[in-house]
Amino acid sequence: MPSKPVNKAPRHPAVLAVEAQRAANLQLRIADAITAFAGSMRFVYVHVALFAVWMLFIESNPWPTLTLVVSLEAIFLSTFVMIGQNRQAAFQQAKADHDFAESELELKTNTELTREIHALTTELHRRLVEQGNA
């Protein structure tokens with residue numbers, strides 16, 4: 001049985017702009033890749049395996065070095081989390097600005113249409129009254 005083509009919904013302009021910005025900037029692509037990996041279960045599994053090997057087979061007293069490594073990693077990962085939060089906030093602001101502009105345009109258009117309908121209704125009423133008096 002042939003598969004049906006998937007109809008994709010139109011994408012929000014703010015989403016397209018953010019995706020284009022990310023694709024164009026190497027630093028953002030690197031930050032996205034690190035953040036995606038650090039936020040995955042694969043990251044957890046790799047760390048569990050590495051720390052277990054380190055503590056069981058490499059160092060007899062791993063705690064001072066392990067504490068340093070884990071602290072440094074936490075510093076860098078928290079920085080990537082903040083970068084992601086800043087980008088998310090910027091995206092939400094761009095989306096809100098776009099939505100506000102679209103809403104204002106729609107309100108203006110609806111107001112103009114309402115005024116035109118009122119003018120046409122008033123003119124129609126005037127003509128009907130004139131026909132009734134004639």
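By convention here, the first residue in the shown sequence is residue 1. Given the structure is predicted, the values throughout are model-derived calculations rather than measurements.
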Tell me whether I75 is reachable from I34 by hopping between hydrophobic residues (I, L, V, M, F, W, Y) whose side-chain heavy atoms are closer than 4.5 Å. no
Is it true that a side-chain atom of S40 and a backbone atom of F37 form a donor plus acceptor pair closer than 3.5 Å? yes
CG-CZ distance between L77 and F43, expressed to the nearest 0.5 angstrom: 4.5 Å
What pairs of donor and acceptor atoms, side-chain ones from residues 101-109 against any protein atom, are under 3.5 angstrom apart with sequence neighbours left out?
unit_1 : atom_1 : unit_2 : atom_2 : d
T109   : OG1    : L105   : O      : 2.9

Return the set of residues passing side-chain contact (heavy atoms from CB on, under 4.5 Å) with I117 (not counting sequence neighbours), or none when no residue passes. T121
Would you list the atom pairs, donor with acceptor, under 3.5 Å between side chains in residues 80-92 and any protein atom, with sequence neighbours excluded?
unit_1 : atom_1 : unit_2 : atom_2 : d
N86    : ND2    : M82    : O      : 3.4
R87    : NH2    : D32    : OD1    : 2.1

Roughly how far, to the nearest 0.5 Å, is the NE2 atom of H12 from the NE2 atom of H98? 5.0 Å
For L16, does its backbone N or O pair with a side-chain atom of R11 as donor and acceptor, under 3.5 Å? no
May I ask whether M41 and V48 are part of the same hydrophobic cluster, defined by side-chain heavy atoms of I, L, V, M, F, W, Y residues being less than 4.5 angstrom apart, directly or through others? yes
May I ask you to list the residues sharing a hydrophobic cluster with V70, side-chain cutoff 4.5 Å, ordered by chain and number? F51, V53, W54, M55, L56, F57, I58, W63, L66, V69
By side-chain contact (heavy atoms from CB on, under 4.5 Å), N25 pairs with (sequence neighbours left out) Q27, L28
Residues which pass side-chain contact (heavy atoms from CB on, under 4.5 Å) with R115, listed by chain and number, not counting sequence neighbours: T111
Please check if the number of heavy atoms outside R29 that lie under 6.0 Å from its CZ is greater than 12. yes
